[in-house]
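A quick write-up on the structure given underneath.
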Amino acid sequence: MAIYLSPSMLSIDFTKIGEQLAMIEDAGTPYIHLDVMDGLFVPNISFGIPVIKGIRKASNMVFDAHLMIVEPEKYVEEFRKAGADIINFHLEATENPKKVIDMIHATGAKVGITIKPKTPVEDLKPYLAEVDMVLVMTVEPGFGGQKFMEDQVPKIQQLAQWKKEMSFNYDIQVDGGITQDNVRVVLDAGANVIVAGSAVFGKEDIAQAAKDFMGIFKEYE
């Protein structure tokens, strides 16, 4: 199973954004996780379409856009045009998840679907055959630097079990409080796309931090 690192841009130094993106890309990092917050779905505001469009010119990494916004269906096409390769929306943020999935597929982007910690994993089941990625939040979305919620690990295990039993093809992504000290917990549970923010961009040697994560991943591949 291929395992991918997706550093969270929420933790990047925005005064050095081009430089730090180049650091992780040169280190071999495949994805960059783009935390889009609207101040409504989550109690914080981050960045949006203009920033993504701007950095798209500076990076060849897979743009993994995590939309923490209400009514994501209104913005799917614009995020795709801005350069998002994966558009990941919250199950809780729309009244019609199937419509959002179809809209994302229509743009040619891959589809991700996300749940907050309090949302039962069973709520995802009707959509698992149609998505490319499922994201389990291991913190409450909206802020960086929170502590990893280990009680969310059974959701990862359940998704891995369904994936095997039903021959689904989705990646299992985990976002929230992931460090090199606890990443094996989610890898053991079946996750294969790992979001890390301050554990990469918060380190003095950003490139080495990314390489260290990917060194751990090789134990599982």
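In what follows, every heavy atom counts, from backbone to side chain, and hydrogens, waters and symmetry copies are set aside. Quantities reported herein were computed from a predicted structural model and do not represent experimental measurements.
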[atom1] of [X] to [atom2] of [Y]: how many Å apart, nearest 0.5 Å?
| X | Y | atom1 | atom2 | answer |
| --- | --- | --- | --- | --- |
| Leu67 | Asp38 | CG | CG | 9.5 Å |
| Lys116 | Met68 | NZ | CE | 10.5 Å |
| Ile104 | Glu77 | CD1 | CD | 11.0 Å |
| Asp85 | Ile32 | CG | CD1 | 12.0 Å |
| Ile55 | Lys57 | CD1 | NZ | 11.5 Å |
| Lys211 | Asp26 | NZ | CG | 9.0 Å |

Do [X] and [Y] come within less than 4.5 Å of each other through their side chains, counting heavy atoms only?
| X | Y | result |
| --- | --- | --- |
| Ile216 | Ile3 | no |
| Met137 | Ile115 | no |
| Met37 | Ile69 | no |
| Val131 | Ile101 | yes |
| Ser198 | Ser8 | no |
| Asn192 | Gln173 | no |
| Asp102 | Val111 | no |
| Ile178 | Val174 | yes |

Can you give me the closest heavy-atom contact between [X] and [Y], atom names plus distance?
| X | Y | value |
| --- | --- | --- |
| Met9 | Val51 | CE-CG1, 4.0 Å |
| Ala27 | Ala207 | CB-O, 3.8 Å |
| Thr15 | Asp13 | OG1-OD1, 2.6 Å |
| Glu78 | Ile49 | CB-CD1, 3.4 Å |
| Asp123 | Pro126 | O-CD, 3.5 Å |
| Val183 | Ile194 | CG2-CG2, 3.9 Å |

Quiz item: Sequence neighbours excluded, which residues qualify as side chain to side chain donor-acceptor pair (under 3.5 Å) partners of Ser6?
Solution: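 Partners of Ser6 under the side chain to side chain donor-acceptor pair (under 3.5 Å) test: Asp64.
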
Quiz prompt | Partners meeting side chain to side chain donor-acceptor pair (under 3.5 Å) with Thr138 (sequence neighbours left out) | solution =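 Thr138 satisfies side chain to side chain donor-acceptor pair (under 3.5 Å) with no residue once adjacent residues are dropped.
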
[X], [Y]: one ILVMFWY side-chain cluster at the under-4.5 Å cut-off?
| X | Y | answer |
| --- | --- | --- |
| Val36 | Met103 | yes |
| Leu135 | Leu34 | no |
| Val195 | Met214 | no |
| Phe14 | Leu21 | yes |
| Phe47 | Val70 | no |

Taking the side chain from [X] and the backbone from [Y], do they hold a donor-acceptor pair closer than 3.5 Å?
| X | Y | value |
| --- | --- | --- |
| Asp188 | Val185 | no |
| Ser59 | Arg56 | no |
| Thr29 | Ile24 | yes |
| Asp132 | Gly112 | no |
| Gln20 | Ile206 | no |
| Thr107 | Arg80 | no |

Can you confirm whether [X] is buried at [atom1], in the sense that more than 12 heavy atoms of other residues, nucleotides or ligands lie under 6.0 Å from that atom?
| X | atom1 | answer |
| --- | --- | --- |
| Lys53 | NZ | no |
| Glu95 | CD | no |
| Asn169 | CG | no |

Quiz item: To which residues is Ile86 joined in a hydrophobic cluster, defined by side-chain heavy-atom contacts under 4.5 Å among Ile, Leu, Val, Met, Phe, Trp and Tyr, whether direct or through other members?
Solution: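 Ile86 shares its hydrophobic cluster with Tyr4, Tyr31, Val62, Met133, Val193.
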
Quiz item: Given the rule in the side-chain hydrogen bond (donor to acceptor under 3.5 Å, both in side chains) test, do Lys155 and Gln152 qualify, once you have shown the distances and angles that lead to the verdict?
Solution: CA-CA 6 Å; Lys155 292 181 181 178; Gln152 298 302 302; 2.7 Å; yes

Could you name each residue pair satisfying ring-ring contact (aromatic ring centres under 6.0 Å, His included) that touches [range], not counting sequence neighbours?
| range | answer |
| --- | --- |
| residues 52-89 | His33-His66, His66-His90 |
| residues 201-221 | none |
| residues 147-176 | Phe168-Tyr170 |

Under 3.5 Å, is there a donor-acceptor pair between the [X] and [Y] side chains?
| X | Y | result |
| --- | --- | --- |
| Asn88 | Thr114 | yes |
| Lys164 | Gln161 | no |
| Glu73 | Thr94 | yes |

Quiz item: Does a salt bridge link Glu140 with Lys118, judged by any charged N lying under 4.0 Å from a carboxylate O?
Solution: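 The answer is no: the pair does not qualify as a salt bridge.
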
Self-check item: side chain to side chain contact (heavy atoms under 4.5 Å, CB included) assessment of Val100 paired with Ile87
Solution: CA-CA 10 Å; Val100 182; Ile87 299 176; over 6 Å; no

Quiz prompt | Candidate pair Lys74 and Glu71, rule salt bridge (Lys or Arg N to Asp or Glu O under 4.0 Å), full reasoning | solution = CA-CA 6 Å; Lys74 290 184 177 181; Glu71 297 182 293; 3.0 Å; yes

Quiz prompt | CA sep, side-chain torsions, deciding dist, call: Leu128, Leu159, side chain to side chain contact (heavy atoms under 4.5 Å, CB included) | solution = CA-CA 9 Å; Leu128 294 178; Leu159 287 164; 4.1 Å; yes

